[in-house]
Structure formats: C-alpha cells, structure tokens
Amino acid sequence: MENEIIVNDLVVRFANVNGTGSASANEMFAKSIFRMGIPVTPKNIFPSNIQGLPTWYEVRISEKGHLGRRAGIDILVGVNPQSLKRDIESVTPGGYFVYDSSKKLHEEFIRTDINYIGIPMIKLAMEHYPVPRLQQLLKNMIYVGAVATLIDMEIEVLKEVIAEQFAAKPKIIPSNYQALELGINYVKEHFEYPLNIRIKRCDNVGDAILIDGNTACGLGAIYAGATVMAWYPITPSTSVAKAFETYCKKLRIDEDGKKKYAFVQAEDELAAIGMVIGATWNGARAFTATSGPGVSLMNEFIGLSYFAEIPVVLINVQRGGPSTGMPTRTQQADLISSAYASHGDTKHVLLFPSSPAECFEFTIKAFDLADRLQTLIMLISDLDLGMNNHMSPPLAWDDDKKYDLGKVLSAEDLEEMKEDFGRYLDVDGDAIPYRTIPGTHPTKGSFFTRGTSHDEYAKYSESGEVYLRNVDRLAQKWETAKTLVPEPEFYQKENRSNVGLLFFGTTTYAAVEAMERFEEEDFMIDSIRVRAFPFHQQVEKFIEEHEQIIVVEQNRDAQFRTLLINELDINPSRLISVVNYDGMPITAKAIQSGIKEKLAVST
C-alpha cells in the first residue's frame, strides 16, 4: 500500500548547534514557504548560552491556518550529535529523519518505523569550500536545498529570499546558491522525490505578514509618540529595545541629523524604570521593557508610579521562572506578580496581546491608558510571541488618530481656575485627578510628588482619614479602568453550551484549533479570549452564564484562574484548569485532551 499523499500539513524541525549560523538558513526556509501562500508557524528553540548547546528550529506548515505548535515531527533534519538520540525519538512513525551521512549512523539510532535520508552535508561542504567557517555555515544551506527538494518547494522563491537576506552582502549570494544546489542535486541523484509529505502553492495568507511581537512592540512605541526608553538587557525582551532604537534612527531624526529621542541603557532594572518615571513626570511618553526577574527588581518604583499616579508603560516579555529559571523558554507565569506588583495594596492594568498586530495595537493603547489613568500599564507578552515570527495581520495605524493625554491642565486652564489646584483631587467622579506638566505655568499648578501618604493637594499627611480617602479613590479609579481596557473577544454569536473555554495571549492559537477539533466531534463549547485586566464586565457575564469554565494558561499554579477567583469572587469549583508549563507553547491536542479529562473527572 502506497503512502498517503499529505499536502501542506506537516512539521519540519531542524536540530543544530547554537552559534553555527543555522537560524538564518532555517528562517529563510520558513519565509519561502510563506511566500508560496502557505501559512507557517516557525519556533526558534535555543539555549541560554552563546554557543555550543543544542538548538532547534521548528516550522509548522498548515494550509488550514493553524498557527499553534503541533506535537509530532514529520521531517527532522538532525545534524547535532549531542541531541541525535532525542531527535530521532521525536519523529512521528512513518516520518523522515534527514541526517549528515558524512559518517555512518550508529545502529543505536536506527528505528524501523521511520525513514532515513542521508545527505553527506559536511563532506560536500568540505569539497567545495576551503574555509572551515564557510563549511559550517554553508552546510546549513545544503540541508535547506535537500529538504526543499524533498517537499517540492519552489526553488526560485527560495533563491529570491536568499538574495533579499544577503542584499547588503551581495558577494556571498553565489556561494549560498551553490550550497543550495549541492543539496538539491544530491537528492535528485540519490532519492525519489518529492516525498509523500509535501507542499504546494496556495493562496491562504492574504495580506498577512511575518513579524515577531517584540519588533511590533518597538514600532508601536514609536507610533504611540514615545521619545524615551530606558532599559536593561534581559532575555527575551532585549529585542524590544533593539527595535525601538532601530526605528528611532529612521523616524526620530530631524532634518539636521539631531536625535529626537533618548535611548538609555541603565545600570539595572530599578534604575531603568526610575528614569522612565522621571521622563513621564516631566511630560515625555516613556517606557521600559523587561522580563519577570526585571519586574521583581522594579517593584519599588512600580509602587511609586501607582501611588504618586505617574504614567508608565512597561512591556513584560515573560519567560520560564522562578529565579533565573529558563531564560529561553516561554511561560505565562508572571500574572500574579505583575497584577499586584509592589508592596501594599496595588493593582495594575495588564494588556494581553495574542499576535504581533495586537502587540503593536496594545503598545499604542498602553500609552493612552497610562496617560488617561495616570498609572503604570503593563503589556504582558511572552517569549513565544515576542521572539518568534508569527503570521499576523498588517500593523494598522490611523493617520487621524489623536493621542489621549488624559487630564492635563494647560497654562490657560490654570489661569482660569478660581479654586486651588489639587493634584489628587477628584473633581468629576471618575477618581482620576487633573495633573500638570512641570514648567506649564510660572506660578500655578506646582505640587510636590512623593511616595509618602499625601492629601488631595499633594501635601504630606499621616492622617488615617486622609490616607483612606486617597487609597479608596485609587480603588475607584480601578473601576474606571474596567470601562477603558480592551473588551474580550467571543468566538460565537450566542451561547450554545453550559461549558465555556477561557484563554488569553499565545494560548489563543492552540485554543482556536482545539475548538475546531471539538466541532468536528460535535462537542459544543463556548469560548472567550480575555484581552485585559481588570476584567471587563463581559468576562464576568460570560462566566455567570456557564456552569463550568475551562481556563487555559501556561503556568503551574493556574495564576489566571486565581485572578478570576480573587477579582470576581467566583466559586473556585466552577473554574477548571488546563495548564502547560514545560517551556514549550501549548498544543491543541493538549488542550483537547486536558478538557476531556477534566470534564470527565468533574462530572
């Protein structure tokens, strides 16, 4: 019986050594498939050291547009002896293992239920390139050419991508083309091709783009009007800073070549957020980016932003914790520590993007919310969204947009005021006071900014009555925030089930696919994607309308479920957790099986 032909539904994984230049070759492979109109989801799985440890690059190809990670590898290219045994074990029965046959494969690596394709990669590279470093780099293009031929990729598209990749170094394009042809020709001369698992051009990407979330955040900050960024390097958020600086050099330079922005690498995370607070207090739009350990270090100044009511935008690109944890793996485990960051009674607005387009949109929204609410706004991303390319709608910008700067008094406003200016005085019932920018008026509107207890006029006070009025107003402002944050997204026009599925952030990709699987089994489940904290009234309504709620998240302790219980006073028995916390993105299969298992137990 011949193998079934499977088109545009496969996972290809490249197993290599960190620091060997494989990432760029693998990325060109993924981009080329995307150029053929086929949806792709690439994942760069890399170690936290600089060089020498195993690294993997996984590409899911799905004509149906399933963008979550899928368990099971159909084609694995294994060129790293350190991980060879593990790599071979990961191949799906009936799948293909492509390896460097320059040396014979030991018998312990032979499985009878998969197919082996040997390409003498390093031997071919040594025969054609005299420089050892070139041999290492171009070996990667040899295996790309081989796999491209095996799955019937359009080689001209791949060559176009190579030419674009090395446009700034045109002299190296011919050698990359040659290496590509070495892999192509070896397959053509020694194997039957294409494989039964292959790709074919289609038109399923529309106007989508491939972009990572960190780049989208950096560009979003530019469009939000940010002119100051203070930061300290930490994986996986550093590329937010890199993107901001890169685009500032293009978009924040005046005609005389002068920079119209400040980009400061601070001595540590606490100093970074301190600089941001100073800049926003002085009227600039400023932000910082970090990860969980950085948020921990920033806690003292996060409390200052909350209590002194100074707008701040903080982008938290989560990684595996606690402590140093797994710096290059993804999790959603900073939810509690972010929502209630700092000592005392504090609550912070969190935004949960699920795509690069939303990273762009929500970064802009974060600056408007920070100014409107006069507080810290935290955009909660993660390594998967931040550092991996994702198929995303184009980044949308309205040229007619006006920034929401909130309640800021001008010199004219101050001149017209008959009553005394009260920096922390709620004059219109939304718990948000008016503020002034230093230097607005020579004699009016000044106040002392402090992190100590203060009255409505910013005067120091240790009166319990005054303190209560202040912190109660801050709690009321939290209620105002509920009306301003992004609303949740629903996946049905009306409820069809007594079971609801709740998810957020990058769990969205797998959750949407899991819903499709359930529909194929005629199992109805209603779904909601939460996009912000505090929870919008519609989130509470959705939970009230369902007997059981499945909460999908990527941390051990079900932190999002805890937030729901804590903030909405929900009976915990109604909230059922499906969690994943191994550092890899959750899969649709894991969600589907987790729901079935939990519902069976609960009923």
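Contact between Ser291 and Pro236 at its shortest, heavy atoms only, is OG-CD, 3.5 Å. Minimum heavy-atom separation, Gly294 to Glu269: CA-CG, 3.6 Å. The nearest pair of heavy atoms linking Pro394 to Ile209 is CA-CD1, 4.1 Å.
No donor-acceptor distance shorter than 3.5 angstrom exists from the side chain of Ser237 to the backbone of Val317, with no hydrogens or angles considered. With Tyr223 contributing its side chain and Ile364 its backbone, the two residues share no donor-acceptor pair below 3.5 Å. The closest donor-acceptor contact from the side chain of Asp526 to the backbone of Arg496 lies under 3.5 Å. In terms of modelled atom types and a separation under 3.5 Å, the side chain of Arg531 and the main chain of Glu487 share a donor-acceptor contact. Between the side chain of Ser338 and the main chain of Asp334, a donor-acceptor pair closer than 3.5 Å is present. Checking side-chain atoms of Ser354 against main-chain N and O of Thr506 turns up no donor-acceptor pair under 3.5 Å. Side-chain atoms of Gln554 come within 3.5 Å of backbone N or O of Ile586 as a donor-acceptor pair. Between the Thr280 side chain and the Ala286 main chain, no donor and acceptor come within less than 3.5 Å of each other. Although no hydrogens or angles enter the test, the distance criterion places a donor-acceptor pair under 3.5 Å between the side chain of Thr562 and the main chain of Ala558. Looking at Thr288, its side chain does come within 3.5 Å of a backbone N or O of Ala230 through a donor-acceptor pair.
Proximity of Leu379 to Cys217: side-chain heavy atoms (C-beta onward) are separated by under 4.5 Å at one or more points. For the pair Leu501/Ile595, a side-chain contact is recorded, criterion being any heavy-atom separation below 4.5 Å from C-beta on. No side-chain heavy atom of Val276 sits under 4.5 Å from any side-chain heavy atom of Val228. Within the 4.5 Å cutoff, the side chain of Thr227 has heavy atoms near those of the Arg252 side chain. Side chains of Phe421 and Thr436 form a contact here, defined as non-hydrogen atoms less than 4.5 Å apart. Contact of the Pro433 side chain with the Leu425 side chain is not registered, since no non-hydrogen atoms from C-beta on lie closer than 4.5 Å. Using a 4.5 Å heavy-atom cutoff, the side chains of Cys248 and Ile222 are in contact. Tyr261 has its side chain within reach of Lys249: a pair of non-hydrogen atoms, C-beta onward, lies under 4.5 Å apart.
For Trp478 and Phe533, the ring centers sit closer than 6.0 Å to each other. Taking the six-membered ring for Trp and the full ring otherwise, the centers of Tyr509 and His66 sit at least 6.0 Å from each other. Taking the centre of each ring, His454 and Phe448 stay at or above the 6.0 Å mark. A ring-centre distance under 6.0 Å is not found for Trp231 and Phe244.
Between Leu395 atom CG and Thr215 atom OG1 the span is 9.5 Å, to the nearest 0.5 Å. Taken from OG in Ser381 to CG in Asn316, the straight-line distance is 8.5 Å, to the nearest 0.5 Å. Atoms CE and CZ, from Met275 and Phe301 in turn, are 10.0 Å apart once rounded to the nearest 0.5 Å. Rounding to the nearest 0.5 Å places CG of Asn571 at 12.0 Å from CD1 of Ile543. Remark: His348 NE2 to Tyr306 OH distance equals 7.5 Å, nearest 0.5 Å. The structure places CD1 of Ile525 at 9.5 Å from CG of Asn498, a figure rounded to the nearest 0.5 Å.
With hydrogens and angles left out, the side-chain atoms of Asn566 and Tyr340 include a donor and acceptor closer than 3.5 Å. Side-chain polar atoms of Glu553 and Asn555 form a donor-acceptor pair below 3.5 angstrom. Between the side chains of Glu300 and His343, not a single donor N or O lies within less than 3.5 Å of an accepting N or O. For the 3.5 Å distance criterion, the side chains of Glu465 and Ser463 fail to qualify, holding no donor opposite an acceptor. Between Thr330 and Asp384, the side chains place no donor N or O within less than 3.5 Å of an acceptor N or O (distance only, hydrogens not considered).
Using a cut-off of 4.0 Å between Lys/Arg side-chain N and Asp/Glu carboxylate O, Asp455 and Arg469 are scored as not salt-bridged. Comment: Glu479 engages Lys482 in a salt bridge, judged by a side-chain N to carboxylate O separation of less than 4.0 angstrom. Look at Lys347 and Glu567 and you find a salt bridge, because one of the NZ, NE, NH1 or NH2 atoms lies within 4.0 Å of a carboxylate O, short of that distance. Between Arg319 and Asp382 there is no salt bridge, since no side-chain nitrogen of the basic residue lies less than 4.0 Å from a carboxylate oxygen of the acidic one.
In this structure, Phe535 and Phe560 have perpendicular ring planes: the angle between them is above 60°, well past the 30° mark.
Annotation for Asp569: atom CG does not count as buried by contact number, only 12 or fewer foreign heavy atoms lying within 6.0 Å. Heavy atoms from other residues, nucleotides or ligands lying under 6.0 Å from CG of Asn282 number more than 12. Summarising the local packing, OH of Tyr403 is surrounded by more than 12 heavy atoms from other residues, nucleotides or ligands at distances under 6.0 Å. No more than 12 heavy atoms of other residues, nucleotides or ligands lie within 6.0 Å of CD in Gln537, so this atom counts as exposed by the packing criterion. Within a 6.0 Å sphere centred on NZ of Lys401, heavy atoms belonging to other residues, nucleotides or ligands number more than 12. Within 6.0 Å of CZ on Phe34 lie more than 12 heavy atoms contributed by other residues, nucleotides or ligands. Around the NZ atom of Lys459, the shell of radius 6.0 Å holds no more than 12 heavy atoms that belong to other residues, nucleotides or ligands. For Arg556, the CZ atom is loosely surrounded, since the number of other residues' heavy atoms within 6.0 Å does not exceed 12.
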Please lay out, stage by stage, how Leu409 and Thr440 fare under the test side-chain contact (heavy atoms from CB on, under 4.5 Å). CA-CA 8 Å; Leu409 294 174; Thr440 298; over 6 Å; no
Begin with the C-alpha distance, continue with both residues' side-chain angles, and end with the deciding distance and a verdict on salt bridge (Lys or Arg N to Asp or Glu O under 4.0 Å) for Arg529 and Glu358. CA-CA 13 Å; Arg529 176 168 70 92; Glu358 279 194 340; 2.8 Å; yes
Verdict with reasoning, Asp430 to Lys407, per salt bridge (Lys or Arg N to Asp or Glu O under 4.0 Å): CA-CA 11 Å; Asp430 63 0; Lys407 297 181 176 181; 2.8 Å; yes
Worked verdict on Val312 versus Ile302 for side-chain contact (heavy atoms from CB on, under 4.5 Å): CA-CA 9 Å; Val312 168; Ile302 288 175; over 6 Å; no
ring-ring contact (aromatic ring centres under 6.0 Å, His included), that's the test. Do Tyr457 and Phe447 meet it? Break it down for me. CA-CA 8 Å; Tyr457 298 91; Phe447 62 94; over 10 Å; no
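Partner of Asp404 under the salt bridge (Lys or Arg N to Asp or Glu O under 4.0 Å) criterion, chosen from Lys365, Arg372, Arg285: Arg372. The ring-ring contact (aromatic ring centres under 6.0 Å, His included) with Tyr491 is formed by just one residue from the set Phe542, Phe503, Phe518; it is Phe503. Checking each of Arg423, Arg435, Arg473 against Glu309 for a salt bridge (Lys or Arg N to Asp or Glu O under 4.0 Å) leaves exactly one that passes, namely Arg473.
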